[in-house]
Amino acid sequence: METVFASERIDFVRICEAMIPAYLEMVNDVEGVQRYISDKRRAYTAADEAEWVRSKLAEGAVIFSMVERDTGRFIGNIELMDVHDGTGELGIAITAARQNRHFGTEAIRRMLSYAFDELGLETVTLKAFPFNRRGIHVYEACGFTEYAPATERDVFMRVKKA
């Protein structure tokens, strides 16, 4: 796996089929991960993940797997979706085993730097579930603020290039 860019403790690498077992462990953890990234509960298969990896690579998605440099352990994935007109939407998922270690804050800050300095974006948005207070706290620590009224389903946040 070739590192595309890095932060202090994290190597950001291209997603790949070799990492499907780690992706499956993460995305099928309903309480620790899946409930924070989707309101639909389902069990994902290796075939589902292979199709997902192939489709993301084919579309040239701005998505990376995060690997802890010191241990080589999979941390999670981070993505900029719907990139157009100077804006992209951030999505992040971190395995339950790597949560509460400040990887989310470090990853988001580095991804914002990549988005603004290397991709030339002006704004990064995100949507969070209102019950995800820990995530919202991390987003705020990274400079995100609410820009539209929250709904029962979503909190809308954004950060603009400084």
Side-chain angles (χ1 to χ4, degrees), residues 1-17 19-20 22-23 26-27 33-40 44 48-69 74-95 98-99 101-162:
M1 291 181 288
E2 178 185 340
T3 300
V4 178
F5 57 92
S7 62
E8 183 179 336
R9 300 176 300 153
I10 304 169
D11 289 330
F12 294 77
V13 302
R14 300 246 180 255
I15 61 169
C16 64
E17 290 189 42
M19 294 184 77
I20 286 175
Y23 300 158
M26 178 179 68
V27 77
V33 178
Q34 193 178 109
R35 70 184 291 246
Y36 296 105
I37 61 174
S38 175
D39 56 359
K40 296 178 177 79
Y44 291 87
D48 293 331
E49 288 301 289
E51 180 181 326
W52 174 79
V53 168
R54 286 191 290 270
S55 70
K56 290 293 183 180
L57 292 173
E59 73 184 46
V62 183
I63 184 169
F64 303 97
S65 289
M66 299 174 289
V67 178
E68 186 176 10
R69 183 173 307 114
F74 174 69
I75 297 169
N77 292 327
I78 191 164
E79 179 176 14
L80 287 170
M81 303 168 284
D82 301 321
V83 176
H84 58 82
D85 299 327
T87 301
E89 181 180 347
L90 181 75
I92 185 170
I94 296 179
T95 65
R98 309 316 292 159
Q99 292 175 11
R101 297 171 187 225
H102 305 285
F103 286 119
T105 302
E106 182 177 334
I108 291 168
R109 286 182 174 152
R110 182 60 182 98
M111 187 63 145
L112 290 174
S113 172
Y114 182 78
F116 295 141
D117 299 338
E118 298 178 46
L119 299 180
L121 298 184
E122 294 295 321
T123 305
V124 174
T125 64
L126 63 81
K127 289 184 284 194
F129 291 120
F131 64 81
N132 187 0
R133 298 307 312 160
R134 184 176 56 180
I136 291 169
H137 175 75
V138 169
Y139 304 139
E140 290 171 338
C142 293
F144 284 86
T145 58
E146 289 187 43
Y147 69 92
T151 66
E152 283 185 23
R153 179 181 149 75
D154 292 307
V155 175
F156 302 94
M157 303 182 82
R158 74 175 167 209
V159 63
K160 293 183 177 247
K161 184 177 182 175

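Numbering of residues begins at 1 and proceeds along the displayed sequence. No hydrogens, no waters, no symmetry mates; every other heavy atom, side chains included, goes into these values.
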Working to the nearest 0.5 angstrom, can you tell me the gap between [X] [atom1] and [Y] [atom2]?
| X | Y | atom1 | atom2 | result |
| --- | --- | --- | --- | --- |
| D48 | I20 | CG | CD1 | 10.0 Å |
| L112 | K160 | CG | NZ | 14.0 Å |
| E68 | F74 | CD | CZ | 12.5 Å |
| F64 | F5 | CZ | CZ | 4.5 Å |

Would you please name every residue forming a side-chain contact (heavy atoms from CB on, under 4.5 Å) with [X], sequence neighbours left out?
| X | answer |
| --- | --- |
| A148 | F156 |
| L57 | I15, V53 |
| A93 | M26, V33, I37 |

Verify, without hydrogens or angle tests, whether [X] (side chain) and [Y] (backbone) share a donor-acceptor contact under 3.5 angstrom.
| X | Y | value |
| --- | --- | --- |
| E49 | Y23 | no |
| R14 | V4 | no |
| R109 | A141 | yes |

message: One thing to verify: whether E17 and R54 come together as a salt bridge, which I'm taking to mean a side-chain N less than 4.0 angstrom from a carboxylate O.
response: yes

Sequence-distant partners of [X], ring-ring contact (aromatic ring centres under 6.0 Å, His included), two or more places apart:
| X | value |
| --- | --- |
| F103 | none |
| F144 | none |
| Y139 | none |

Applying salt bridge (Lys or Arg N to Asp or Glu O under 4.0 Å), name anything that partners [X], two or more places apart in sequence or on another chain.
| X | value |
| --- | --- |
| D39 | R153 |
| R69 | D11 |
| R158 | none |

query: Should M1 and M19 be marked as a side-chain contact (heavy atoms from CB on, under 4.5 Å) after you check the CA-CA gap, both sets of side-chain angles, and the distance that decides it?
result: CA-CA 10 Å; M1 291 181 288; M19 294 184 77; 3.3 Å; yes

What pairs of donor and acceptor atoms, side-chain ones from residues 76-92 against any protein atom, are under 3.5 angstrom apart with sequence neighbours left out?
from: N77; atom 1: OD1; to: S65; atom 2: OG; distance (Å): 2.8
from: E79; atom 1: OE2; to: K56; atom 2: NZ; distance (Å): 2.7

- request: Dump the intermediate steps for side-chain contact (heavy atoms from CB on, under 4.5 Å) on I10 and E106, then the final yes or no.
  value: CA-CA 8 Å; I10 304 169; E106 182 177 334; 3.7 Å; yes

V62 and M111, any side-chain heavy atoms less than 4.5 Å apart: yes

message: Take a 6.0 Å sphere around CD of E2 and say whether it holds more than 12 heavy atoms from other residues, nucleotides or ligands.
response: no

message: Is the distance between the ring centroids of Y114 and F12 under 6.0 Å?
response: no

- line: Contacts satisfying ring-ring contact (aromatic ring centres under 6.0 Å, His included) that involve residues 116-138 (not counting sequence neighbours) are Y36-F131, F129-F131

task: Please lay out, stage by stage, how W52 and I63 fare under the test side-chain contact (heavy atoms from CB on, under 4.5 Å).
output: CA-CA 12 Å; W52 174 79; I63 184 169; 3.4 Å; yes

- prompt: Pairs in or reaching into residues 122-149: which pass salt bridge (charged side-chain N to carboxylate O under 4.0 Å, His left out), with residues at least two apart or in two chains?
  reply: none

message: Quick check: closest heavy atoms across A128 and I136, and the distance to 0.1 Å?
response: CB-CG1, 4.0 Å

